[in-house]
Number of protein chains: 2
Amino acid sequence: MSDLLERLRGRGWRMTAQRRVVAEVLDGEHVHLTADEVHARAVAKLPEISRATVYNTLGELVSLGEVLEVSTDQRAKRYDPNAHQPHHHLVCAQCGAIRDVHPVGNPLKDLPDSERFGFTVSDVEVTYRGVCPNCAAA
Amino acid sequence: MSDLLERLRGRGWRMTAQRRVVAEVLDGEHVHLTADEVHARAVAKLPEISRATVYNTLGELVSLGEVLEVSTDQRAKRYDPNAHQPHHHLVCAQCGAIRDVHPVGNPLKDLPDSERFGFTVSDVEVTYRGVCPNCAAA
DNA sequence: CCCGGCGAATAGACATTGTCTAAAGCAAGC
DNA sequence: GCTTGCTTTAGACAATGTCTATTCGCCGGG
């Protein structure tokens, strides 16, 4: 969204064609892409963009809190543009499809002090695993 | 534990020095080692053990349900010998230390049907993140 | 409107983690 | 002690990510 580009410009981002393209890719489809998938789509719009730039830009977007990094499998990190609404993930164990979900309740409350071992717990990440309708049908 | 070796033998495992060493490493310290850490400790006991064997053996132990694979960061997988009691993890965002924790409540119940998108949800993995006492003191 | 400084992009080497293969080794039953 | 075929081995390969030195080009000052 140009919203995103505006916010970034406001934070002193130097605007370049490459960064614009990466932002467009993330904004265009609300899915969970890997860095290399982002790169592939960026290349389609701007053939000379390099892999390092995509990685750098994604890293910056994560630091700025505009995009979330999620690791639902232990292969590639995925990037979730839905950073402004807290949510968790539901992953198909067979095809890897990912859906954003919003469980009720607050799992942070479910961790008693006696189970915190002196840690300052600030965040919790919940990943549900199962089989999606497509894979169940097959 | 020889318990573990007995169970494995009972399942038709051919017993080799390499497998014994990997089992000993996992059993010796109840921590969460990466595959390469397991390999390093295995080499200390059996210098000629190869990396592939450690990876293979770990994979077999996981398939047999004797060890759990956990991915608390998106770097290396870690192996948790505490496979027979369900639990979740608390990770230090700074040093990466991992503790097993047992939250109250069942997060599976917190996911309403309307948020399941037709998936058959079978499992949930909860990772708490925070700062451990050591890192907080530093 | 043009320049120059410095932030950003590039290509490609490098690092880490994990997988695969073909050949040699060895556990276990006979 | 043989034989069988499961295991191990070394190293190549693959996937993902990081780093570096160099070149590029955005944008504020003139």
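Owing to the predicted nature of the structure, the values given are computational and were not obtained by experimental measurement.
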Mark up nucleotides 25-30 of chain C, 5' to 3', with B wherever a protein heavy atom is under 4.0 angstrom from a base atom, S wherever such an atom reaches only the sugar-phosphate, and - elsewhere. --BS--
Can you check side chain to side chain contact (heavy atoms under 4.5 Å, CB included) on B:T72 and B:Y128, steps first, answer last? CA-CA 9 Å; B:T72 52; B:Y128 294 91; over 6 Å; no
List the steps and the verdict of side chain to side chain contact (heavy atoms under 4.5 Å, CB included) for A:L68 and A:V62. CA-CA 6 Å; A:L68 286 183; A:V62 170; over 6 Å; no
Worked check of side chain to side chain contact (heavy atoms under 4.5 Å, CB included) between B:V38 and B:T34: CA-CA 6 Å; B:V38 173; B:T34 64; over 6 Å; no
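The NE2-P distance, from A:H39 to C:dG12, rounds to 13 Å in whole Å. One atom, CG of A:L46, and another, P of D:dG25, lie 11 Å apart when rounded to the nearest Å. Nucleotide D:dG17 holds its P atom 11 Å from the CD atom of A:E37, rounded to whole Å. For the pair A:E60 CD and C:dA8 C1', the interatomic distance rounds to 8 Å; values are reported in whole Å. The distance from atom CG of A:L58 to atom P of D:dT18 is 11 Å, rounded to the nearest whole Å. Rounded to a whole Å, the CD atom of B:E48 is 17 Å from the C1' atom of D:dG11. In this structure, B:K77 places its NZ atom 18 Å from P of C:dT16, rounding to the nearest Å. Look at CZ on B:R51: it is 12 Å from P on D:dA10, rounded to the nearest Å.
The residue B:R19 sits close only to the backbone: its heavy atoms come under 4.0 Å of sugar-phosphate atoms, none of a base.
Residue B:T53 places its side chain closer to D:dT9 than to any other of D:dT9, D:dA12, D:dT18. Taking every side-chain heavy atom of A:A52 into account, C:dT10 is the closest of D:dT8, C:dT10, D:dG17. Side-chain atoms of A:R75 lie closest to D:dT16 of the nucleotides D:dT8, D:dC19, D:dT16.
Heavy-atom neighbours of A:D36 CG from other residues, nucleotides or ligands within 6.0 Å: above the threshold of 12.
Within the structure, a side-chain polar atom (N or O) of A:Y55 is placed less than 4.0 Å from OP1 or OP2 of D:dG17. Proximity of A:Q18 to the phosphate of C:dT10: a side-chain N or O atom is located under 4.0 Å from OP1 or OP2.
Identified under the ring-ring contact (aromatic ring centres under 6.0 Å, His included) test for residues 75-95 of chain B, with sequence neighbours left out: B:H32-B:H89, B:H87-B:H89.
Side-chain atoms of B:R116 never come within 3.5 Å of backbone atoms of B:V121 as a donor-acceptor pair (strictly under, hydrogens ignored). Remark: the backbone N or O of B:L64 is paired with a side-chain donor or acceptor of B:R11 at under 3.5 angstrom.
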